[in-house]
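These notes are about the structure you will find just below.
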Amino acid sequence: MGEVFMIQALRGMRDIAGREARIFQMIEEKARYYFELYGYEEIKIPIMEMTELFSRGIGDMSDIVQKEMYTFEDRKGRSITLRPEGTAGVVRYYIEKGLDKNDPVQKLFYTGPMFRYERPQKGRFRQFYQFGVEAFGIESYLLDADTLDMLVAYFTAIGIKNPVVKLNNIGCSQCRPAYNGALKAYLHKHADELCPDCRQRIETNPLRVLDCKNEKCRAVTQLSPDIGDFLCDSCRKYDEELRDILTRRSIPFERDRFLVRGLDYYVRTVFEIHGGEGAQNALMGGGRYDGLVEALGGRPVPGFGFAIGVDRLVALLSDTGLFEKNLSDLFIAWSLTDKVPLLEKSSALRKCGLSVEFLADERSLKNQLKYAHKKGYRFVVLLGDDEAYSEEIHLKKMDSGDEVYVSPIDIREHLI
RNA sequence: GUGGGUGUAGCUCAGUCGGUAGAGCAACGGAUUGUGGCUCCGUUGGUCGUGGGUUCAAAUCCCAUCAUCCACCCCA
């Protein structure tokens with residue numbers, strides 16, 4: 001324990017093992033299945049990028065860039081950053097390969113760890129995992145609707161109980177300035193009722209006052225101007241069509257005009273899905289980012305995407321009581337002078353398609369049976385010098401204690 | 001970065017007024033020499049997170065520090 005030399009995992013980094021690993025595996029498998037079902041293709045992107053990619057992509061002034069990045073110099077003195085999110089890397093790929101010019105419609109997904117230097121708490125880690133989806137070159141509410149459809153299908157499939165879809169439209173470069181102005185004017189009038197942070201935000205980023213958790217700020221924003229009343233014609237049409245088709249497709253959502261999202265690049269549609277306990281209960285978040293490709297040096301191509309917080313899904317599914325370990329079909333308890341039959345028998349059984357485990361070190365039979373029982377094996381093959389060269393398998397059923405001799409060919413019939 | 005809670009065996013925890021450390025579970029062994037569960041017996045396992053201070057004496061009181069949890073900021 002407290003030894004000076006005790007080596008432990010870095011702060012905010014954790015091991016995902018056993019049951020958690022099984023859940024992780026299941027939700028990743030299903031994510032791949034559903035993403036591909038909706039026409040997305042996997043891309044593996046690097047875990048590190050040039051620091052500038054993130055500062056330009058996410059926004060110099062964002063908290064992520066300001067204080068949450070793992071940034072260091074490589075051996076040649078270049079500034080490198082462990083990715084704090086996935087979108088920037090995918091956009092970099094998209095532009096670097098010239099896809100914005102030559103093949104602009106791309107539907108991609110990625111999975112993997114992200115890194116942010118934050119103080120850990122429930123549902124938040126310094127290394128955390130995301131499944132991300134990005135669609136380029138498509139500007140239509142139908143994409144947004146199809147994506148929400150996919151997410152609902154996916155969340156249902158993995159067993160998330162009551163996901164709450166929150167949706168908002170935060171306007172575009174045409175209409176948001178007018179709203180910002182109106183909001184600023186309103187907030188100025190009530191500045192003395194706001195928390196210190198929000199007083200700052202009135203000038204720097206008034207939208208973010210809307211999702212402050214402070215009760216007083218909430219009371220103020222409750223009566224603030226509604227972005228919905230300021231949308232330009234095209235944004236309004238987009239929003240109406242999206243909500244209309246979601247309603248008619250019976251995809252449940254609630255409009256939340258206080259949902260604004262933290263990353264600078266979002267326009268129009270933003271959405272989150274919430275569920276579970278604790279303050280960090282956003283299971284995923286995303287939206288439309290029509291200006292991002294251009295901001296990173298590509299052509300003005302529309303984009304749409306989201307990221308799922310895998311750790312939070314794992315946490316939610318952890319208390320469902322499912323996901324027991326997949327045991328091997330058979331456990332071999334052995335006691336042999338010549339060890340060759342052990343490998344022969346297990347290999348033969350495995351060729352029959354049965355998974356087989358045994359303890360490779362020499363132990364008493366009692367010890368091995370104890371182990372098999374503890375692990376929950378229902379069937380044990382007993383292999384001693386007596387059985388070593390016999391064609392038959394000495395099979396013990398742990399439930400009843402019955403023992404039978406069977407030929408390998410019909411052993412399956414006994415594994416019930 | 002800010003605030004609060006918690007650090008005693010692998011795990012869950014007890015430890016009185018300050019008197020030098022305990023239980024249950026787990027692991028391992030035995031009762032049962034080729035047979036698990038139930039029972040009984042036994043064994044292993046601790047610089048009480050770390051460092052300093054007060055004291056004749058500190059797991060206990062004080063300070064610092066680290067870790068962890070929860071919350072804030074922010075985000076998945």
Side-chain angles (χ1 to χ4, degrees), chain A residues 1-14 58-59 61-69 83-87 111-132 195-198 200-201 205 208 211-215 217 259-263 271-286 305-316 331 333-336 363-388 394-403:
Chain A
M1 286 281 301
E3 286 125 68
V4 180
F5 299 98
M6 179 71 180
I7 296 175
Q8 54 185 48
L10 260 27
R11 176 160 220 202
M13 318 247 161
R14 69 202 185 104
I58 303 169
M61 298 312 293
S62 68
D63 275 46
I64 291 178
V65 173
Q66 289 281 312
K67 50 179 203 182
E68 294 174 4
M69 295 206 303
R83 62 184 186 194
E85 54 105 55
T87 301
T111 70
M114 307 296 162
F115 302 85
R116 289 182 202 171
Y117 195 92
E118 299 179 275
R119 192 102 166 241
Q121 69 180 77
K122 190 178 188 66
R124 180 163 64 204
F125 309 95
R126 288 182 173 184
Q127 173 172 337
F128 59 101
Y129 293 81
Q130 290 190 335
F131 302 154
C195 70
D197 285 333
C198 283
Q200 286 290 318
R201 287 195 270 246
N205 199 348
R208 297 216 50 92
D211 68 353
C212 182
K213 286 180 184 170
N214 186 296
E215 273 182 39
C217 299
L259 175 66
V260 295
R261 310 274 309 141
L263 279 53
F271 62 104
E272 289 182 356
I273 297 180
H274 291 240
E277 310 273 303
Q280 312 302 327
N281 70 342
L283 302 178
M284 57 80 51
F306 65 81
I308 296 177
V310 180
D311 309 78
R312 293 178 186 177
L313 293 186
V314 172
L316 262 188
F331 180 84
W334 60 278
S335 170
L336 296 163
R363 306 182 184 211
S364 69
L365 203 64
K366 180 195 183 96
N367 186 299
Q368 295 179 69
L369 281 162
K370 232 174 171 172
Y371 176 88
H373 178 259
K374 184 180 71 181
K375 294 290 182 186
Y377 279 101
R378 295 181 56 227
F379 303 99
V380 172
V381 171
L382 295 161
L383 184 59
D385 289 332
D386 296 350
E387 295 95 344
H394 185 176
L395 182 70
K396 179 183 174 81
K397 305 188 178 187
M398 297 296 272
D399 298 348
S400 58
D402 294 348
E403 297 180 23

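Proteins get letters first, then strands, A, B, ... in listed order; numbering begins at 1 in each. Excluded from the calculations below are hydrogen atoms, water molecules and symmetry mates; all remaining heavy atoms, backbone and side chain alike, are included.
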*K213(A) vs A71(B): side-chain N/O to OP1/OP2 distance below 4.0 Å*: no
*Which nucleotide in the set A76(B), G36(B), G34(B) lies at the smallest distance from any side-chain heavy atom of K370(A)?*
G36(B)
*Between E403(A) (side chain) and H394(A) (backbone), is there a donor-acceptor pair under 3.5 Å?*
no
*Between the main-chain N or O of A282(A) and the side-chain N or O of R312(A), is there a donor-acceptor pair closer than 3.5 Å?*
yes
*Please state the C1' separation for the pair U32(B) and U50(B) - nearest whole angstrom.*
48 Å
*Is there a side-chain polar atom (N or O) of K366(A) under 4.0 Å from OP1 or OP2 of G36(B)?*
yes
*To the side chain of N367(A), which of G1(B), G29(B), A76(B) is closest?*
G29(B)
*Rounded to the nearest angstrom, tell me the gap between atom CG in L336(A) and atom C1' in U35(B).*
15 Å
*Check the distance between U35(B)'s C1' and F331(A)'s CZ and give it to me in whole angstrom.*
12 Å
*Determine which nucleotide pairs with U65(B), using a 3.5 Å limit on both distances of a Watson-Crick or G-U wobble pair.*
G49(B)
*With both distances under 3.5 angstrom, what nucleotide forms a Watson-Crick or G-U wobble pair with U54(B)?*
none
*Output yes when at least one side-chain N/O atom of Q121(A) is less than 4.0 Å from OP1 or OP2 of C72(B), else no.*
yes
_Evaluate R116(A) against E85(A) for salt bridge (charged side-chain N to carboxylate O under 4.0 Å, His left out), listing each step before the verdict._
CA-CA 9 Å; R116(A) 289 182 202 171; E85(A) 54 105 55; 5.9 Å; no
*For the side chain of R126(A) and the backbone of M13(A), is there at least one donor-acceptor N/O pair under 3.5 Å apart?*
no
*Return the nearest nucleotide to the side chain of A279(A); candidates are C72(B), A76(B), C28(B).*
C72(B)
_Of the listed nucleotides A67(B), C75(B), A71(B), the one nearest the side chain of R11(A)_ = A67(B)
*Determine the Euclidean distance between corresponding C1' atoms of C41(B) and G53(B); express it in Å to zero decimal places.*
47 Å
_R119(A) side-chain proximity, nearest of C75(B), G36(B), C69(B)_ = C69(B)
_Atom-pair distance (OH on Y117(A); C1' on C75(B)), nearest Å_ = 17 Å
*Given C73(B), C75(B), G37(B), which nucleotide is nearest the side-chain atoms of H373(A)?*
G37(B)
_Student check: side-chain heavy atoms of F331(A) and Q368(A) closer than 4.5 Å_ = yes
*Check whether any side-chain N or O of Q8(A) sits under 4.0 Å from OP1 or OP2 of C66(B), and answer yes or no.*
no
*What's the closest nucleotide to the H394(A) side chain, out of C75(B), C73(B), G34(B)?*
G34(B)
*Do E118(A) side-chain and A76(B) base share a donor-acceptor contact under 3.5 Å?*
yes
_Stacking of F128(A) on A76(B) base (centres under 5.5 Å, planes under 30°)_ = yes
*P-based separation of G18(B) from C75(B) [nearest Å]*: 49 Å
*Look through every strand shown and name the nucleotide pairing with G29(B) as Watson-Crick or G-U wobble, where both distances are under 3.5 Å.*
C41(B)
_Rounded distance in Å between the C1' positions of U12(B) and C17(B)_ = 28 Å
*In the strands shown, is G3(B) matched to any nucleotide by a Watson-Crick or G-U wobble pair with both distances under 3.5 Å, and which?*
C70(B)
*Separation of K122(A) atom NZ from C73(B) atom P, in whole Å?*
18 Å
*Should R208(A) be listed as having a side-chain N or O under 4.0 Å from OP1 or OP2 of C75(B)?*
yes
*If we call it a pair only when both distances are under 3.5 Å in a Watson-Crick or G-U wobble match, what pairs with U16(B)?*
none
*Complementary nucleotide for G24(B) - Watson-Crick or wobble, under 3.5 Å*: C11(B)
*asked:* Work out how far the P atom of G19(B) is from that of C61(B), and round it to whole angstrom.
replied: 11 Å
*How far does CG of L283(A) sit from NE2 of H274(A), to the nearest 0.5 angstrom?*
8.0 Å
_Does E403(A) contact U35(B) through a side-chain donor or acceptor facing the base, at a distance under 3.5 Å?_
yes
_Any-strand Watson-Crick or G-U partner of G36(B), both distances under 3.5 Å_ = none
*Hey, which sits more toward the 5' end of RNA chain B by its nearest nucleotide, M284(A) or G12(A)?*
G12(A)
*Search all heavy atoms of V380(A) against all heavy atoms of A372(A) and return the closest pair with its distance.*
CG2-CB, 3.8 Å
*Say you pick atom C1' in C48(B) and the same atom in G7(B); how far apart are they, in whole Å?*
10 Å
*asked:* Here's a test of your reading of the structure: between N214(A) and A9(A), which maps to the more 5' nucleotide of RNA chain B?
replied: A9(A)
*Rounded to the nearest angstrom, tell me the gap between atom OH in Y371(A) and atom C1' in U35(B).*
17 Å
*asked:* With a sphere of 6.0 Å drawn around CD of Q66(A), does it hold more than 12 non-hydrogen atoms of other residues, nucleotides or ligands?
replied: yes
*For atom C1', what is the distance between A23(B) and A9(B), given to the nearest Å?*
11 Å
*Which whole-number value in Å describes the distance from K374(A) NZ to C38(B) P?*
13 Å
